[in-house]
Amino acid sequence: MAAADQLQFQEFDEAEDLLAASPNATTKSVSDDGGPQHATLQMGEDSEGEEGETDQTELLAPQKKASGFWTFQYYQDLFDVDTSQVLDRIRASFVPMPGKNFVRHHLRNSPDLYGPFWICATLVITVTVVGNLATFIQMHGRTDYNYSPQFHKVTVAGIVIYSYAWLVPLALWGFLQWRKGVSSSVGTYSFMETVCVYGYSLSAYIPSTVLCVLPFEIFRWIILLVAMCLSGFVLVLAFWPHVRRDNKMVAIGLLASIVLLHVLLAVGCKEYFFRRVEAEHMPAAVVTTTPKGTSAHTKA
């Protein structure tokens, strides 16, 4: 009996020491069923720590180790994006909201090239195919018009659109890097984030160019100007927070350059792919040679 009491007191002493080491720990006792009583400890702090580690693991799980830009894994990660993410970014580029930065609210340090690549490819197809179709509809039925597909416009559209989506962001990123070294108040994005913003901003031009198949000149101008304004607004909202604390002339000049290049893209697209063609297909004078001399008449 004395040995049992001594063992019980020893167990209580051990429990007291554990409680002293962990003040927030709770004890759970078992009912007397004839067997020896034991004190069971549930360490509250350790449970909270494990839960915190689980949450932290879940947060860090999507983040991948950065790879060098010369590796295949680097570019593979840029195309590893969910459909829901792409659709969310396209919607944000269609309906830019004041106060919501496209990069911070939608890219979230995870830019992709999947969306920009296919947006540019789709735009190349729409401006060339719809441009040819619009010309055919406009000139169909005229005896002086012979339809011929203008495949060279595919090359022109590809060069212009992909150059705009890559070279302009490259120049802008380089300029912001330089200004950041001059003034600490200037912020910047990564090069891929800049490319991603420009790529997604072009999505508004896709439905507008499809609607340009309608042979109404004023309607074409209006729909392209609306797309230009929506697209340009995305760029302004994205880059203005980084340059607003810079020199006023530099900040205004940079935004003016961004808007000007965007306007040139929209106007150039309209004038090259969807211009009026009546003046190009006026009845031409046909020269014929006869035994009595040369005569000219107008082809109907």
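Note that the numbering runs from 1 along the sequence shown for the chain.
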Here the pair of heavy atoms bringing Gly199 nearest to Pro116 is CA-CB, 3.7 Å
dist Ile161:CD1 -> Thr128:OG1 (nearest 0.5 Å) comes out at 8.0 Å
Taken to the nearest 0.5 Å, the spacing of His105 NE2 from Leu237 CG works out to 11.0 Å
Contacts of Lys153 meeting salt bridge (Lys or Arg N to Asp or Glu O under 4.0 Å) (sequence neighbours excluded), chain-then-number -> none
Contacts of Tyr198 meeting side chain to side chain donor-acceptor pair (under 3.5 Å) (sequence neighbours excluded), chain-then-number -> none
Value for CD (Gln85) from CD1 (Ile90), rounded to nearest 0.5 Å, stands at 12.0 Å
Take Val243 and Leu176 through the side chain to side chain contact (heavy atoms under 4.5 Å, CB included) test and state the conclusion after the steps. CA-CA 8 Å; Val243 299; Leu176 290 177; 3.6 Å; yes
Honestly curious: do Trp240 and Phe175 fall in one hydrophobic cluster under the side-chain, below-4.5 Å linking rule?
yes
Consider only side-chain N and O atoms of Asp82 and Tyr114, and report whether a donor and an acceptor are under 3.5 Å apart.
no
Smallest heavy-atom separation, Ser208 atom then Ala227 atom, equals OG-CB, 3.6 Å
* Asked: If we only count heavy atoms from C-beta on, is the Cys212 to Ile223 side-chain gap below 4.5 Å?
  -> yes
Review point. Just wondering, do Val130 and Thr209 contact through their side chains at under 4.5 Å, heavy atoms?
Key: no
| Does Tyr272 share a hydrophobic cluster with Leu225, counting links as ILVMFWY side-chain heavy atoms below 4.5 Å and allowing steps through other members? | yes
OH of Tyr205 to CG of Leu123, rounded to nearest 0.5 Å, is 9.0 Å
Residues passing the side chain to side chain donor-acceptor pair (under 3.5 Å) test with Asp88, sequence neighbours excluded, are His106
TODO: Decide yes or no on side chain to side chain contact (heavy atoms under 4.5 Å, CB included) for Tyr200 and Val86, but give the supporting numbers first.
DONE: CA-CA 9 Å; Tyr200 277 104; Val86 175; 3.8 Å; yes
- Would Ser201 and Ser93 count as having a side-chain donor-acceptor pair, cut-off 3.5 Å? no
(message) Given 3.5 Å as the limit, does a donor-acceptor pair link the side chain of Glu193 with the main chain of Ser190, or not?
(response) yes
I'd like to know if Ile206 and Phe273 are part of one continuous hydrophobic network [Ile/Leu/Val/Met/Phe/Trp/Tyr, side-chain heavy atoms within less than 4.5 Å].
yes
- Query: Are the side chains of Cys120 and Leu202 in touch, meaning some heavy atoms are under 4.5 Å apart?
  - Reply: yes
Contacts satisfying side-chain hydrogen bond (donor to acceptor under 3.5 Å, both in side chains) that involve residues 163-173 (not counting sequence neighbours) are Tyr164-His262
Any heavy-atom pair between the side chains of Phe136 and Asn132 that's under 4.5 Å? no
Could you tell me whether a side-chain N or O of Ser110 sits under 3.5 Å from a main-chain N or O of Leu107, the two making a donor and an acceptor?
no
| task | Find out whether Ile258 and Leu255 are in side-chain contact, i.e. whether some heavy atom of one side chain is under 4.5 Å from a heavy atom of the other. | result | yes
Any side-chain heavy atom of Leu172 sitting closer than 4.5 Å to one from Leu254? yes
So the side-chain hydrogen bond (donor to acceptor under 3.5 Å, both in side chains) pairs with at least one residue in residues 215-225 (sequence neighbours excluded) are Glu217-Lys270
Determine whether Ser203 and Phe94 make a side-chain contact, defined as any pair of heavy atoms from C-beta on separated by less than 4.5 Å. yes
- Message: When you measure from the side chain of Asp112 to the backbone of Gly115, do you find a donor-acceptor pair of N or O atoms at a distance under 3.5 Å?
- Response: yes
Rounded to the nearest 0.5 angstrom, the CG-CG distance for Leu224 and Leu211 is 9.5 Å
Say whether, by atom type as modelled, one donor and one acceptor occur between the side chain of Ser231 and the main chain of Met228 under 3.5 angstrom.
-> no
| query | Does the Tyr162 side chain pair with the main chain of Ala121, one donor and one acceptor, at a distance under 3.5 Å? | reply | yes
Exercise. Would Phe233 and Val103 show up in the same hydrophobic cluster when neighbours are defined by side-chain heavy atoms closer than 4.5 Å?
Worked result: no
Residue pairs meeting salt bridge (Lys or Arg N to Asp or Glu O under 4.0 Å), one or both in residues 156-181, sequence neighbours left out, come to Arg179-Asp246
State, yes or no, whether a side-chain contact exists between Pro96 and Leu230 at a heavy-atom distance under 4.5 Å.
yes
**Study point:** Full working for side chain to side chain contact (heavy atoms under 4.5 Å, CB included) between Val213 and Ile137
**Key:** CA-CA 8 Å; Val213 72; Ile137 294 174; 3.9 Å; yes
*Establish whether Ile159 and Leu261 are linked, either directly or via other cluster members, by ILVMFWY side-chain heavy-atom contacts under 4.5 Å.*
no
Looking only at heavy atoms, the pair that brings Ala204 and Pro207 closest together is O-CD, 3.5 Å
When every non-hydrogen atom of Phe191 is compared with those of Leu170, the smallest separation belongs to CE1-CA, 3.5 Å
- [ ] On the 0 to 90° scale, with breaks at 30° and 60°, tag the Tyr189-Phe239 ring pair as parallel, tilted or perpendicular.
- [x] perpendicular
